[in-house]
Asker: 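The structure follows.
Both counts, for ligands and for their atoms, begin at 1 and track the order of listing.
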Amino acid sequence: MTAAAQSAAAVRPSTMSPFEQVKKHITDALDAIGVTDAEAEIVMTPNAIRDATLEVETKKGPRKLPAYRVQFNNARGPYKGGIRFHPNADLEEVKALAATMAVKCAVIDVPLGGAKGGVAFDPKEYDRDDIEKISRAYIRAMHPYLGIDIDIAAPDVYTTPEIMGWMLDEYETITGKNEPGMITGKPLVLGGSVGRDTATAQGAVHVLQAYVREQDLDPNNLRVAIQGFGNAGSVIAKLLHEAGYTIIALSDSKGTLHDTNGLDPDRVEEAKKAGGSVTAAAGGGAEALDGTAILALDCDILIPAALDNQIREDNVGSIRAKIILELANNPTTPEADAILAERDVTVIPDVLANAGGVTVSYFEWVQNRQQYYWTKEEVDERLKQKMLAAYATLSARVHAESVSYRDAAYRIGMERIHRAMAQRGRYETH
Ligand code: GLU
């Protein structure tokens, strides 16, 4: 086992691998909608698994980095999904994330399939020049499988608009084409969309607000804890703070910052910029705790906005929130999910909660295809419509079938994928 695989195994006490976890949700949904076992086997098998070893001459010496692109399903449209740079990005994890993307695109109803990419290394150990080399090497290995009508890449954990720009440039240099729509989450100057940077968090806020209205709750009485202060976590902290919620805790990989009277996310961001962690803002009423403490704090809404496998059977007992809004992908294991359901905790699942990111990626792709760019107001309004429509469909299904939001979301998503598969004749042997 590689060192990366060992550390991944160490934080995964679930008896299921990441891909088995997502398959469990998919199987439950396929059972509920009456798909045959033979069809289920076909739809649960990734269409293609691309892997490569990137050989990169870094400032730290030559490196051989495992790289993946898993193309899970394209029955509803071209493959779509981000690329993550993370030491735990092994094949099982990338397969799980590719399947999650397919379900997510179906739940939010954009005409795209599901894929995911990853390079297994720790980007924090390399400088900008090395990251650029690794990004370009990824495209040199994967370019035959990518393209505006084939498979559209995007940012994910520890990948940025700048990295998307390098990847686009490498792709266009190799193919000799101008094809900005082969990747989304690009810098604006290269054909990115306004609003893409805040879309994941903004989409989640629309969904949470719809849930809060439906339950007749008052944001001013709701205390929020957010795990992760990256792109998604820091933006949702600011948006919810503005909307009247009390942000009682924020965390990053180095620690948790807790203040029962509420934190100002802008101030915390400034302190983190200067001091390297949210805990640099400790003082006054704000105390610094260790990184994992965030999950067990007394709050109403817990937002995991970092990595997968955070809420597990071994720590779910300490969670006190009544609402969990999944901004990260696959943050809750199926074992923990079942326990939360028994305890009547509402889990608004990743496949809807964080779908704002891929929704504005879809808008970016549409704009690239048309070479006609929208205003911030147009993007915001269309994102809102998409999120609210998907929430209404989901909520109706939750109540009609008395199931969890996750089960209902997987049923909606898999039903749409299954219909497209059947219509294409993908279950028949030719
Ligand atoms: N990586 C994001 C996700 O997991 C965005 C994917 C995209 O924009 O294609 O949803």
Asker: Which option wins on minimum heavy-atom distance to atom 5 (C) of ligand 1: Lys116, Lys104, Met101, Arg196?
Answerer: Arg196
Asker: Considering heavy atoms of the protein only, find what lies nearest to atom 9 (O) of ligand 1 and give residue, atom and distance to 0.1 Å.
Answerer: Lys80 NZ, 2.7 Å
Asker: Backbone, side chain, both or neither: what part of Val360 comes under 4.0 angstrom of ligand 1, heavy atoms only?
Answerer: neither
Asker: With a 4.0 Å heavy-atom cut-off (strictly under), which part of Arg84 contacts ligand 1: side chain, backbone, both or neither?
Answerer: neither
Asker: Residue-level breakdown please: for Glu364 versus ligand 1, do any non-hydrogen atoms fall below 4.0 Å on the side chain, on the backbone, on both, or on neither?
Answerer: neither
Asker: Kindly confirm or rule out a cation-pi arrangement of Lys116 over Phe72, judged by NZ or CZ under 6.0 Å from the six-membered ring centre and within 45° of its axis?
Answerer: no
Asker: Which protein heavy atom lies closest to atom 7 (C) of ligand 1, and at what distance to 0.1 Å?
Answerer: Ala154 CB, 3.3 Å
Asker: Please identify which atoms of ligand 1 are closer than 4.0 Å to at least one heavy atom of Ser361.
Answerer: 7 (C), 8 (O), 9 (O)
Asker: When you measure from the centre of the six-membered ring of Tyr145, is the NZ or CZ of Arg50 under 6.0 Å away and within 45° of the axis?
Answerer: yes
Asker: What do you reckon, does Gly81 put a non-hydrogen atom under 4.0 Å from ligand 1?
Answerer: yes
Asker: Is the closest side-chain heavy-atom distance between Ile323 and Tyr211 below 4.5 Å?
Answerer: yes
Asker: Using a strict cut-off of less than 4.0 Å between a Lys/Arg side-chain nitrogen and an Asp/Glu carboxylate oxygen, indicate whether Asp109 and Arg76 qualify as a salt bridge.
Answerer: yes
Asker: If I apply the N/O under 3.5 Å rule, does Asn354 come out as touching ligand 1?
Answerer: no
Asker: Evaluate the ring planes of Tyr391 and Tyr405, with Trp represented by its six-membered ring, and classify them as parallel (under 30°), tilted (30 to 60°) or perpendicular (over 60°).
Answerer: parallel
Asker: Does Ala153 approach ligand 1 within less than 4.0 angstrom via side chain, backbone, both or neither, non-hydrogen atoms only?
Answerer: neither
Asker: Any chance the side chains of Asn330 and Thr100 put a donor and an acceptor closer than 3.5 Å?
Answerer: yes
Asker: Show the atoms of ligand 1 that are less than 4.0 angstrom away from any heavy atom in Asp156.
Answerer: 1 (N), 2 (C), 4 (O)
Asker: Under a plain distance cut-off of 3.5 Å, with no hydrogens placed, do Asn74 and Arg424 share a side-chain donor-acceptor pair?
Answerer: no
Asker: Counting heavy atoms only, name the option from Pro155, Gly82, Gly357 that's nearest to atom 2 (C) of ligand 1.
Answerer: Pro155
Asker: Run through Pro349, Pro331, Pro304 and flag the one making a side-chain contact (heavy atoms from CB on, under 4.5 Å) with Ile324.
Answerer: Pro304
